[in-house]
A.B. asks: 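The following block contains the structure, expressed as structure tokens.
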Amino acid sequence: MQHCNDARRLPYVELLTAMRDAGAPETEYPTLYQSVGCCELGRSHGEPHMGFKYAPGADPELWVTWDDDSDTIKYVRVEICMQGDPQLPVMEQDACTLPKDHTCGHSWEARDMLHR
């Protein structure tokens, strides 16, 4: 799977507010320079772009979504897919880190993330 990697500059105050509301401590807040969302879904995913922002240690995680046709940016809490590669033994599987019910390939199928 090839990642979309579409990027969007995020409004800094809204990002910090969403992270605070998700339980992030101030030590984990990004700098202004780091306030970017990068789409982690597969190319040609056919749904709004989605980028990970914060994991409080359990579901739900904080993700950011945006459309190509709009300047609207939303912060959403999502559960994670957790599907493993069925071709590997259970103890060797990496779980998918994309939102549950995503329409593209799983994160363990990709090796082209620009920002991780």
A.B. asks: Counting C-beta onward and ignoring hydrogens, is there a side-chain heavy-atom pair between R77 and P56 closer than 4.5 Å?
C.D. replies: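 Result yes, sub-4.5 Å side-chain heavy-atom pair found.
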
A.B. asks: Step by step, would you call R8 with I73 a side-chain contact (heavy atoms from CB on, under 4.5 Å)?
C.D. replies: CA-CA 9 Å; R8 182 69 51 105; I73 293 172; 3.9 Å; yes

A.B. asks: Going through the distances and angles, do C81 and T97 end up as a side-chain contact (heavy atoms from CB on, under 4.5 Å)?
C.D. replies: CA-CA 6 Å; C81 175; T97 58; over 6 Å; no

A.B. asks: For a 4.5 angstrom cut-off between non-hydrogen side-chain atoms, does Y75 reach L10?
C.D. replies: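 With C-beta onward as the side chain, the pair touches.
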
A.B. asks: Quick check: do D68 and P48 have side-chain heavy atoms less than 4.5 Å from each other?
C.D. replies: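 A side-chain contact is absent here, since even the closest heavy-atom pair is not under 4.5 Å.
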
A.B. asks: With a 3.5 Å distance limit and no angle check, can you tell me whether S35 reaches the backbone of L32 through a side-chain donor-acceptor pair?
C.D. replies: yes

A.B. asks: Any side-chain heavy atom of P99 within less than 4.5 Å of one from E79?
C.D. replies: no

A.B. asks: Please round to the nearest 0.5 Å and tell me the distance separating atom CD of Q2 and atom OG of S44.
C.D. replies: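 The CD atom of Q2 sits 10.5 Å away from the OG atom of S44.
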
A.B. asks: Nearest 0.5 Å, please: how far is OG1 in T17 from OH in Y29?
C.D. replies: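 Answer for the OH-OG1 pair, Y29 versus T17, is 8.0 Å.
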
A.B. asks: Hey, could you give me the NE2/NE2 distance between H45 and H102, rounded to the nearest 0.5 Å?
C.D. replies: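 It is 12.5 Å, given to the nearest 0.5 Å.
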
A.B. asks: Decide side-chain contact (heavy atoms from CB on, under 4.5 Å) for V76 and M50; before the verdict, give the C-alpha distance in whole Å, the side-chain angles of both, and the deciding distance to 0.1 Å.
C.D. replies: CA-CA 9 Å; V76 296; M50 294 189 79; 4.1 Å; yes

A.B. asks: Taking all non-hydrogen atoms of both residues, which atom of I80 and which atom of W63 are closest, and how far apart?
C.D. replies: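 It is CD1-NE1, 3.8 Å.
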
A.B. asks: What are the two closest heavy atoms between C96 and S107, and how far apart are they?
C.D. replies: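 Heavy-atom minimum between the residues: CA-OG, 3.2 Å.
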
A.B. asks: Return the NE2 to CE distance between H106 and M82, rounded to the nearest 0.5 Å.
C.D. replies: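 Rounded to the nearest 0.5 Å, the NE2-CE separation comes to 12.5 Å.
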
A.B. asks: For H3 versus E40, what's the shortest heavy-atom pair and its separation?
C.D. replies: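 Closest heavy-atom pair between H3 and E40: CD2-O, 2.7 Å.
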
A.B. asks: Of all the heavy-atom pairs spanning G37 and V64, show the shortest one and how long it is.
C.D. replies: CA-CG1, 4.3 Å

A.B. asks: How far apart are the C-alpha atoms of Y54 and E61, what are their side-chain angles, what is the distance that settles it, and do they pass the side-chain contact (heavy atoms from CB on, under 4.5 Å) test?
C.D. replies: CA-CA 6 Å; Y54 174 71; E61 293 183 350; over 6 Å; no

A.B. asks: Would you say the side chains of W66 and D6 form a donor-acceptor pair under 3.5 Å?
C.D. replies: yes

A.B. asks: From L62 CG over to L15 CG, what is the distance, rounded to the nearest 0.5 angstrom?
C.D. replies: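 One finds 7.5 Å between CG of L62 and CG of L15.
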
A.B. asks: Quick check for you: to the nearest 0.5 Å, what is the distance between R43 atom CZ and C39 atom SG?
C.D. replies: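 Rounded to the nearest 0.5 Å, the CZ-SG separation comes out at 11.0 Å.
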
A.B. asks: When you measure from the side chain of E28 to the backbone of P25, do you find a donor-acceptor pair of N or O atoms at a distance under 3.5 Å?
C.D. replies: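 No, because the side chain of E28 does not come within donor-acceptor range (under 3.5 Å) of the backbone of P25.
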
A.B. asks: Locate the shortest heavy-atom distance separating G105 from L98; write the atom from each residue and the value.
C.D. replies: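 Minimum heavy-atom contact is O-CD1, 3.3 Å.
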
A.B. asks: Can you name the nearest heavy-atom pair linking V36 to K53, along with the distance?
C.D. replies: O-NZ, 2.9 Å

A.B. asks: Look at the side chain of D85 and the backbone N and O of Q87, then say whether any donor-acceptor pair between them is shorter than 3.5 Å.
C.D. replies: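 The answer is yes, because a donor-acceptor pair under 3.5 Å joins these two groups.
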
